[in-house]
Structures are given as C-alpha cells and as structure tokens.
Amino acid sequence: MTATDGPSPNGGGPGDGPEPTTGTSAAGPGPRTGAGGGPGGGDPVGHRQGDTVAAVVRQWQAVHPGLDTGPMEIIGRINRCAALLQQAEDAPLRRAGLSRPEFDLLGALRRTGHELTPGELARETFSSGAAVTKRLKQLTERGLVERRGDTRDRRVAHLRLTDAGRELVDGILPAQLAYETAALSGLDAPGQGELAALLGELLAQLEGRLGALRS
C-alpha cells in the first residue's frame with residue numbers, strides 16, 4: 001500500500017472514484033533537509049502526525065530512507081480526503097443513491113442549461129467516454145436523464161435532465177453544500193481560503209500538463 005491508495009468509493013468500477021495517482025513528482029512542499037521534509041527526516045514540519053498518510057509515509061521512510069516522500073504527503077492526503085468524503089454514509093448524495101461522479105454529470109446538465117452530447121459531458125466532468133456512458137445508462141434507467149437522437153446524424157445523442165432529474169439536483173444541492181460546509185468546519189475561513197487557492201494553483205498546473213495529454 002502507498003499513501004495514495006484508497007478504497008474505491010461507492011463500490012464503483014473504473015472511473016467512479018478519484019483517479020488513481022502515484023505521487024512520483026520530484027517536487028515537494030518547501031525546502032527539505034531530510035527524507036521527510038524536516039531536519040534529519042521524520043514527519044514534515046507543520047503536518048499533524050496522527051493522520052493515516054503520515055503513518056504510511058513513516059513506513060516508506062523506514063524502508064527507503066533516501067526517498068523524498070513529499071509528493072506522497074500531498075497527493076496521498078488529497079486522495080484520502082476525497083475517498084472519505086465520497087464514502088461518508090451520511091452525505092446527502094449517498095442517501096440519494098448517487099455517487100459524486102453521477103451527481104457531477106447531472107449537475108453539468110443543470111448548470112449549462114441545455115442539452116449536451118456524451119462527448120461534451122465527458123469534457124465538462126473531466127471523465128472518460130466509457131465512464132460517462134456507464135453513468136448515463138444508470139441515470140437513464142432511473143428516469144433522471146433522457147436522450148434525443150440527432151435528426152441529421154443518428155450516431156449522435158443529445159442528453160437532458162428529466163423533470164425528476166432537475167428536481168433531484170435542485171433539491172439535493174443545498175443539502176450537499178451544507179454537508180460540505182460542516183465537513184470543512186475544522187478549518188477557519190482564512191485556512192479554507194488558503195487551501196482553496198493552493199488547490200486551485202495545483203489544479204491549473206495539472207490541467208495544463210496532464211489535461212493536454214488526455215484530450
């Protein structure tokens with residue numbers, strides 16, 4: 001197990017949870033004087049020692065003391081947080097029987113306000129075509145999404161929310177946002193702002209490098 005390993009949320013198949021990452025980047029958070037980022041190694045300065053990833057990092061440092069585990073300390077925690085949030089049984093999405101990727105697909109149809117093709121949905125939700133096809137099948141069977149064939153090209157489908165799908169999204173979004181607010185309540189407002197800014201910088205960089213490879 002590496003620090004980036006995590007159980008697949010919602011028991012989904014490929015594409016239904018956080019994308020797996022290996023944390024092999026050479027960049028780490030801040031200057032390093034030891035394998036763990038602190039003087040002479042050990043836990044990174046400023047990180048709590050009680051979280052799951054810290055324990056995994058210490059184990060890897062014992063096995064390979066010369067490796068820089070900085071990327072693992074960041075990416076592992078991002079993946080672990082994502083997995084815990086998606087697995088939470090009390091989350092409104094889970095109670096509604098939706099995975100986060102499914103809700104993102106419904107949300108894309110709601111927020112854009114018009115029909116989308118499967119390819120457009122894949123781009124809107126940063127998903128593979130196969131994953132979108134699987135989710136659309138499930139959501140269509142539930143009566144939340146309906147498809148319309150293109151009059152000029154029968155190979156093209158146009159998708160939109162049903163009335164039930166629109167009501168579900170509009171009803172669940174405030175509850176989900178309230179749940180996420182509570183989940184973040186351990187961080188004060190400046191801390192949340194700083195974290196959002198740092199994650200935004202990381203996401204922009206990854207979208208620029210990795211997103212181009214997937215397009």
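Computed from heavy atoms alone, side chains included, the values below leave out hydrogens, waters and symmetry copies.
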Could you check if a side-chain atom of Val169 sits within less than 4.5 angstrom of a side-chain atom of Arg166, using non-hydrogen atoms only? no
d(Phe103 CZ, Ile172 CD1) to nearest 0.5 Å is 6.0 Å
Can you tell me how far apart CG (Leu136) and CG (Leu116) are? Round to the nearest 0.5 Å. 10.0 Å
I'd like to check Thr162 versus Arg142 (side-chain heavy atoms, cut-off strictly below 4.5 Å). Are they in contact? no
Hydrophobic cluster identity match, Leu173 and Leu109, side-chain contacts under 4.5 Å: yes
Is there a side-chain contact between Asp170 and Glu167, using heavy atoms and a 4.5 Å cut-off? no
Nearest heavy atoms of Ala62 and Pro65, plus distance in Å: O-CD, 3.9 Å
Applying salt bridge (Lys or Arg N to Asp or Glu O under 4.0 Å), run through Asp90 and Arg95 and close with a yes or a no. CA-CA 7 Å; Asp90 60 336; Arg95 291 200 300 268; 6.0 Å; no
Presence of salt bridge, Glu73 and Arg77, under 4.0 angstrom: no
Applying the side chain to side chain contact (heavy atoms under 4.5 Å, CB included) test to Glu102, which of Leu144, Thr125, Leu139 qualifies? Leu139
Less than 4.5 Å apart, any side-chain heavy atom of Pro101 and any of Gln86? yes
For a quick test of reading the model, state the closest non-hydrogen atom pair linking Arg147 to Ala157 and the distance between them. NH1-CB, 3.5 Å
Tell me, do Tyr179 and Leu93 make a side-chain contact under 4.5 Å, heavy atoms counted? no
When hydrophobic residues are tied together by side-chain contacts of less than 4.5 Å, even through go-betweens, does Leu199 share a cluster with Ile74? yes
Does the side-chain contact (heavy atoms from CB on, under 4.5 Å) test come out yes or no for Val53 and Asn79, once each step is laid out? CA-CA 10 Å; Val53 173; Asn79 282 353; over 6 Å; no
Is there a side-chain contact between Leu168 and Leu161 (heavy atoms, below 4.5 Å)? no
Side-chain donor-acceptor pair present, Glu124, Thr112, cut-off under 3.5 Å: no
Residues Asp68 and Gly70: closest non-hydrogen pair is OD1-N, 2.9 Å
Kindly give the heavy-atom pair with the smallest separation between His158 and Val156, and that separation in Å. NE2-CG1, 4.0 Å
What distance separates Leu206 CG from Glu201 CD, expressed to the nearest 0.5 Å? 12.0 Å
In one Ile/Leu/Val/Met/Phe/Trp/Tyr side-chain cluster, 4.5 Å: Phe126, Leu203: no
Pairing residues for Arg160 by the side-chain hydrogen bond (donor to acceptor under 3.5 Å, both in side chains) criterion, not counting sequence neighbours: Glu115, Glu146
With sequence neighbours left out, write down each residue that passes side-chain hydrogen bond (donor to acceptor under 3.5 Å, both in side chains) with Glu180, or none if nothing qualifies. Arg100, Gln176
Taking the side chain as C-beta and beyond, is there a heavy-atom pair between Leu105 and Leu159 under 4.5 Å? no
Any non-hydrogen side-chain atom of Thr69 less than 4.5 Å from a side-chain atom of Gln61? yes
In this structure, are over 12 heavy atoms from other groups packed under 6.0 Å from Arg148 atom CZ? yes
Are Leu202 and Leu187 linked, directly or through intermediate hydrophobic residues, by side-chain heavy-atom contacts shorter than 4.5 Å (ILVMFWY only)? yes
For the atom pair NZ (Lys137) and CD (Glu141), what is the distance rounded to the nearest 0.5 Å? 3.5 Å
OG-CG distance between Ser127 and Asp104, expressed to the nearest 0.5 angstrom: 7.5 Å
Ignoring hydrogens, what is the shortest heavy-atom contact between Ala183 and Leu85? Give both atom names and the distance. CB-CD2, 4.0 Å
